Amino acid sequence: MRIFYGRLKLHAAMSTYYFKKQSMLQHLIHQFKYNDRKDIALYFGYQMGLLLSKEKHWQPIDVIVPVPLHPSKLKLRGYNQAAQLAEGISKVLGKPVLAKVLQRNSFTLTQTHKSRSDRWENVSKVFAVRDVNAIKGKHVLLIDDVITTGATLEACGLALLQQGASLLSIASLAYTTAR
């Protein structure tokens with residue numbers, strides 16, 4: 001994905017869909033993020049896994065890491081939607097999901113209405129690797145639901161690479177070009 005060029009060293013990156021406001025996809029994402037519809041996220045993750053399994057450059061993946069939520073947001077929501085997507089992908093690829101290897105150290109307000117630079121400032125030092133040995137020397141597939149500016153994935157990816165991941169790939173359910 002071009003938004004990461006010069007910002008993050010990636011092996012591969014993909015989004016399954018383009019995100020458009022007022023679309024059926026937006027409605028479905030809202031359902032699994034805010035209305036306890038984990039089944040929708042698992043389904044989409046499974047479909048992502050099928051796409052990833054068809055391309056050779058995705059085959060050397062060792063582990064799958066979802067973008068983490070802050071503990072207070074996780075408690076409020078009851079689950080991490082990116083982890084649900086990761087579980088669906090894992091069912092197809094047969095790779096382990098390391099849902100606790102990355103942690104979000106501080107709570108950040110929603111980034112929905114922030115610019116790219118504001119988003120980066122908001123998340124640049126928020127993520128830390130909890131278990132360096134789990135990712136050291138491995139090809140990590142980082143998962144998120146929607147990419148807007150890429151700031152969150154960039155911050156997570158830098159933390160993973162700085163702590164020893166040998167390769168980093170990114171997959172998201174959707175990518176939005178409207179900012």
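Everything numeric here is computed off the predicted structure, so don't read it as measured data. Computed from heavy atoms alone, side chains included, the values below leave out hydrogens, waters and symmetry copies.
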Quick one: ring pair (Phe, Tyr, Trp, His ring centres under 6.0 Å) partners of H57, sequence neighbours excluded?
none
Of I29, I147, T148, which is the lone residue that meets side-chain contact (heavy atoms from CB on, under 4.5 Å) with F19?
I29
Of all heavy-atom pairs linking R104 and V126, the shortest is CG-CG1, 3.2 Å
Tightest non-hydrogen contact, residues H11 and S169, listed as CB-OG, 3.5 Å
Candidates V129, N133, I135 - the one meeting side-chain contact (heavy atoms from CB on, under 4.5 Å) with D131:
N133
Kindly say whether S15 contributes a backbone atom to a donor-acceptor pair with the side chain of S172 at under 3.5 angstrom?
no
What distance do Y5 atom OH and R2 atom CZ have between them, rounded to the nearest 0.5 Å?
6.0 Å
Do the side-chain N and O atoms of S166 and H139 include a donor-acceptor pair separated by under 3.5 angstrom?
no
Only one of V140, I89, V101, L142 passes side-chain contact (heavy atoms from CB on, under 4.5 Å) with I64, and that residue is I89
Is L161 reachable from V132 through a run of hydrophobic residues whose side-chain heavy atoms are each under 4.5 Å from the next?
yes
Between L173 and V146, is there a shared hydrophobic cluster once you connect ILVMFWY residues whose side-chain heavy atoms come closer than 4.5 Å?
yes
Might you point out which heavy atoms bring V63 and A134 nearest each other, and give the distance in Å?
CG1-O, 4.4 Å
Looking at K91, I want to see if its NZ is surrounded by more than 12 non-hydrogen atoms of other residues, nucleotides or ligands under 6.0 Å.
no
How many angstroms lie between CD in Q163 and CZ in F127, if you round to the nearest 0.5 Å?
14.5 Å
Same cluster or not: are L158 and L160 linked, directly or through other Ile, Leu, Val, Met, Phe, Trp or Tyr residues, by side-chain heavy atoms under 4.5 angstrom apart?
yes
Check the pair N105, Q103 against side-chain contact (heavy atoms from CB on, under 4.5 Å), reporting the backbone distance first and the verdict last.
CA-CA 6 Å; N105 290 325; Q103 76 180 26; 2.6 Å; yes
Test applied, side-chain contact (heavy atoms from CB on, under 4.5 Å); reference residue, I170; option that passes from L141, D144, L8, I143:
L8
Separation between NZ (K38) and CG (N80), nearest 0.5 Å, reads 11.5 Å
If every non-hydrogen atom of R77 is compared with every non-hydrogen atom of Q81, which pair is closest and at what distance?
NH1-OE1, 2.6 Å
Do L153 and Y18 land in one hydrophobic cluster if side-chain heavy atoms of ILVMFWY residues count as linked below 4.5 Å?
yes
Please check this pair: side chain of E87 against backbone of A83, looking for a donor-acceptor N/O pair closer than 3.5 Å.
no
Salt bridge (charged side-chain N to carboxylate O under 4.0 Å, His left out) for K33 and D145? Distances and angles first, verdict last.
CA-CA 9 Å; K33 276 180 94 158; D145 54 357; 3.2 Å; yes
Can I get a per-line list of side-chain donor-acceptor pairs under 3.5 Å for residues 39-52, giving both atom names and the distance, sequence neighbours left out?
unit_1 : atom_1 : unit_2 : atom_2 : d
D39    : OD1    : R37    : NE     : 2.9
D39    : OD2    : R37    : NH2    : 2.8

Can you give me the closest heavy-atom contact between P66 and V97, atom names plus distance?
CD-CG1, 4.0 Å
